[in-house]
Number of protein chains: 2
Amino acid sequence: MTQTSSCNSTPLVSLDSLRANCASCSLHQLCLPMGLDETDMQRLDQIIGRRRRIAKDEILYRMDDPFNMLYAIRFGHFKTYQVNANGERQITGFQMAGELLGMDAISTERHQCDAMALEDSEVCEIPFRQLEDLFGHIPNLLRHFHRIMSQEITREQNVMLLLGNMRAEQKFAAFLVNLASRYQTRGYSSTTFQLRMSREEIGNYLGLTIESISRLISKFKKGGWLRVSNREVEILAPERLKAIAAGTATCS
Amino acid sequence: MTQTSSCNSTPLVSLDSLRANCASCSLHQLCLPMGLDETDMQRLDQIIGRRRRIAKDEILYRMDDPFNMLYAIRFGHFKTYQVNANGERQITGFQMAGELLGMDAISTERHQCDAMALEDSEVCEIPFRQLEDLFGHIPNLLRHFHRIMSQEITREQNVMLLLGNMRAEQKFAAFLVNLASRYQTRGYSSTTFQLRMSREEIGNYLGLTIESISRLISKFKKGGWLRVSNREVEILAPERLKAIAAGTATCS
DNA sequence: CGCGCAATTGACTGCCCTCAAAAAGCGTGG
DNA sequence: CCACGCTTTTTGAGGGCAGTCAATTGCGCG
């Protein structure tokens with residue numbers, strides 16, 4: 001919290017360390033600079049404003065906030081959610097390191113949802129105007145940006161499939177399988193990980209109640225597919241979970 | 001069907017009329033060329049391959065098809081749907097004139113869903129490779145393309161809200177209100193229009209059964225908010241429907 | 001007119017929600 | 001260390017919304 005320097009005291013950290021440096025970031029194979037050579041990566045670094053820490057439960061941006069930045073998650077987890085006329089919320093996604101936040105705001109120049117940190121997190125601020133200027137000079141960057149937006153469209157289509165078509169146990173299995181695969185991509189265990197979100201948040205995301213989630217966990221435990229203690233999860237039968245998620249098997 | 005000319009016979013129509021011409025298209029204020037000046041629009045015209053007719057129930061592209069083109073709908077309606085491991089379908093959207101199809105394929109270079117014409121329709125083929133080349137020369141085109149992709153992300157988030165959070169009557173009201181507003185944008189009546197999709201397709205899209213849709217129509221009719229005869233719809237109480245969609249009123 | 005398909009309506013079922021209470025974590029302070 | 005209060009999670013009982021199944025009606029078309 002005291003890492004920023006005031007005007008007349010010795011800086012506790014160098015200013016450079018607050019600036020982004022894609023080349024040295026462990027996520028550059030996953031994040032926006034994917035596939036760029038060293039010089040292009042440096043040009044991208046030059047426009048990336050600063051790293052910003054977001055404490056647990058803090059809000060990165062709110063619906064209707066004017067849009068200036070995209071945010072690349074360096075570490076930590078976020079949730080994005082929409083709020084309807086009644087103040088009810090629907091979580092539209094959980095985001096983790098290497099993923100980009102804010103793309104839904106490009107169209108209207110205002111954010112279309114809230115983004116909240118699920119734990120203490122850090123993001124790189126990417127000024128979108130300057131990023132657009134770079135697109136003209138780095139075709140590879142533009143191409144990868146399109147892939148990222150397209151991927152987000154596909155991700156949301158999969159959630160629509162989940163919400164519209166699946167029964168409760170299938171939804172929950174699909175949720176776990178999805179998390180597992182994303183942790184694997186990031187070099188973490190795909191069978192043992194911590195849930196960063198509460199039961200309530202899982203339920204909201206999946207269109208279920210907290211009680212249903214709790215009952216599903218108990219059912220999966222009894223079935224022997226899963227071990228859960230608080231937010232610590234161990235997947236004991238990944239293939240079985242995948243089959244349940246695909247709808248080719250049930251719990252019974 | 002016989003509009004294309006063979007090599008040694010007199011063309012039935014000129015080749016030019018098969019080529020796109022954004023400037024003379026009534027949708028250019030809505031579609032990809034939005035905001036371009038005349039010269040830029042001509043450059044866009046030059047890369048747009050041809051217009052292609054798609055008959056009712058015909059498939060424009062299938063999941064896993066290699067991606068080469070985006071498609072701009074000139075007239076007609078489409079549905080896009082995903083197919084899961086069991087062959088069950090989830091309709092992810094209904095698209096109409098001026099909207100762009102195929103953006104979900106950019107990421108993997110393969111289409112992620114099927115697109116089927118709901119009626120006899122026509123699309124402009126937009127070769128994506130060549131469109132990318134144009135982006136470097138027409139910044140306004142690139143900027144608008146990003147707005148379109150972002151809009152698609154927002155649209156899907158709204159469907160997630162609908163599928164995850166709403167009760168049946170709210171879903172159906174939201175569906176009607178959405179259609180009405182899109183027809184209004186296109187200069188058609190927002191209160192009287194034809195449903196291009198069957199009850200079954202509406203139900204699939206909304207995560208409901210065909211019987212539920214039928215009951216909802218009856219309920220809305222009895223309430224006096226709606227007049228329906230086959231696929232002909234007249235919205236009698238738009239404000240009431242909006243209130244139901246927003247969740248600030250119910251049918252009872 | 002008769003056929004086939006789509007839509008409507010009714011009766012019943014079941015999945016998941018709601019309500020309620022108990023149990024388990026977790027931080028705070030004695 | 002335990003007691004305490006607060007929040008989160010678990011578990012149970014019961015109800016309701018939407019699904020399932022089945023029969024009927026309506027519509028387009030040869």
Side-chain angles (χ1 to χ4, degrees), chain A residues 55-57 79 86 88-91 116 118-120 162-176 194-223 226-233 244 247 250-252, chain B residues 56-57 79 86 88-91 118-120 162-176 194-223 226-233 244 247 250-252:
Chain A
K56 180 171 155 67
D57 296 330
K79 65 173 172 182
N86 288 339
E88 295 161 337
R89 295 170 176 191
Q90 169 70 38
I91 294 175
M116 181 186 281
L118 293 173
E119 61 185 334
D120 293 352
L162 180 147
L163 287 171
N165 231 310
M166 296 188 187
R167 323 217 126 266
E169 67 181 39
Q170 203 179 346
K171 286 180 179 180
F172 185 58
F175 168 75
L176 290 172
Q194 265 226 337
L195 297 174
R196 314 306 157 105
M197 64 295 285
S198 68
R199 307 283 195 267
E200 184 170 23
E201 286 164 334
I202 298 172
N204 180 304
Y205 176 64
L206 297 178
L208 299 169
T209 59
I210 182 176
E211 295 95 328
S212 291
I213 299 299
S214 202
R215 275 185 256 270
L216 285 165
I217 289 176
S218 301
K219 196 198 266 189
F220 281 31
K221 273 174 163 175
K222 275 172 199 148
L226 207 61
R227 196 176 294 161
V228 181
S229 167
N230 299 323
R231 294 189 171 187
E232 194 68 34
V233 171
I244 295 173
T250 58
C251 281
S252 54
Chain B
K56 179 171 155 67
D57 296 330
K79 66 172 173 182
N86 287 340
E88 295 161 337
R89 296 171 176 189
Q90 169 70 36
I91 295 175
L118 294 172
E119 60 186 334
D120 293 352
L162 181 146
L163 287 171
N165 233 313
M166 297 187 186
R167 322 216 124 262
E169 66 181 39
Q170 203 180 347
K171 286 180 179 180
F172 185 57
F175 169 74
L176 290 172
Q194 265 226 336
L195 297 173
R196 310 315 212 277
M197 64 295 283
S198 67
R199 308 284 194 267
E200 184 170 23
E201 286 164 334
I202 298 172
N204 181 303
Y205 176 64
L206 297 177
L208 299 169
T209 59
I210 183 175
E211 294 95 329
S212 291
I213 300 300
S214 204
R215 276 184 256 268
L216 286 164
I217 290 176
S218 302
K219 197 197 265 187
F220 282 30
K221 272 175 164 175
K222 274 173 199 147
L226 206 62
R227 196 176 294 159
V228 182
S229 168
N230 299 325
R231 294 191 172 186
E232 194 68 34
V233 171
I244 295 173
T250 57
C251 281
S252 52

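Each chain gets a letter, A, B and so on, in the order its sequence line appears, and its residues count up from 1.
Heavy-atom contacts from other residues, nucleotides or ligands closer than 6.0 Å to CD of B/Glu232 number more than 12. By the 6.0 Å contact criterion, CD on A/Glu119 is enclosed, its count of non-hydrogen atoms from other residues, nucleotides or ligands being greater than 12.
Between the CZ atom in A/Arg231 and the CD atom in A/Gln194 there is a gap of 8.0 Å [rounded to 0.5 Å]. Expressed to the nearest 0.5 Å, how far CD1 of B/Ile210 lies from CZ of B/Arg215 amounts to 11.0 Å. Between B/Met197 atom CE and B/Ile91 atom CD1 the span is 8.0 Å, to the nearest 0.5 Å.
Atom CD in B/Gln170 sits roughly 14 Å away from atom C1' in D/dC17 (whole-Å rounding). Per the geometry, NZ belonging to B/Lys171 stands 11 Å off C1' belonging to D/dC17, to the nearest Å. To the nearest angstrom, C1' of D/dA18 lies 15 Å from CG of B/Leu163. Taking atom CG of A/Leu226 as the reference point, atom C1' of D/dT9 lies 15 Å away to the nearest angstrom. We find that CD1 of B/Ile210 is positioned 13 Å from C1' of D/dG19, with the value rounded to whole Å. Following rounding to the nearest Å, A/Arg231 (CZ) and D/dT7 (C1') show an atom-to-atom distance of 12 Å. Atom CG of A/Asn165 and atom C1' of D/dA18 are 15 Å apart (whole Å). B/Leu216 has its CG atom 13 Å from the P atom of D/dC17, to the nearest Å.
Among the atoms of the strands shown, none is found under 4.0 Å from any heavy atom of B/Ile213. Here A/Arg215 lies in heavy-atom contact (under 4.0 Å) with a base. Residue-level contact check: A/Ser212 touches the backbone only, with heavy atoms under 4.0 Å from sugar-phosphate atoms and none from bases. A/Gly207 comes within 4.0 angstrom of the backbone, heavy atoms only, and of no base.
Residues A/Ser229 and A/Glu169 both approach DNA chain C. Their nearest nucleotides, taken by heavy-atom distance, put A/Glu169 toward the 5′ side. In this structure, A/Arg167 and A/Met197 both approach DNA chain D, and ranking their closest nucleotides by distance from the 5' end singles out A/Met197. Each of A/Ala168 and B/Arg199 was matched to the nucleotide of DNA chain C holding its nearest heavy atom; the match closer to the 5' end belongs to B/Arg199.
Annotation: side-chain contact (heavy atoms from CB on, under 4.5 Å) contacts of B/Asn230 (sequence neighbours excluded): none.
Side-chain atoms of A/Asp120 do not come within 3.5 Å of backbone N or O of A/Ala55 as any donor-acceptor pair.
A 4.0 Å heavy-atom criterion places the boundary nucleotides of DNA chain C facing chain B at C/dA7 to C/dA11, written 5' to 3'.
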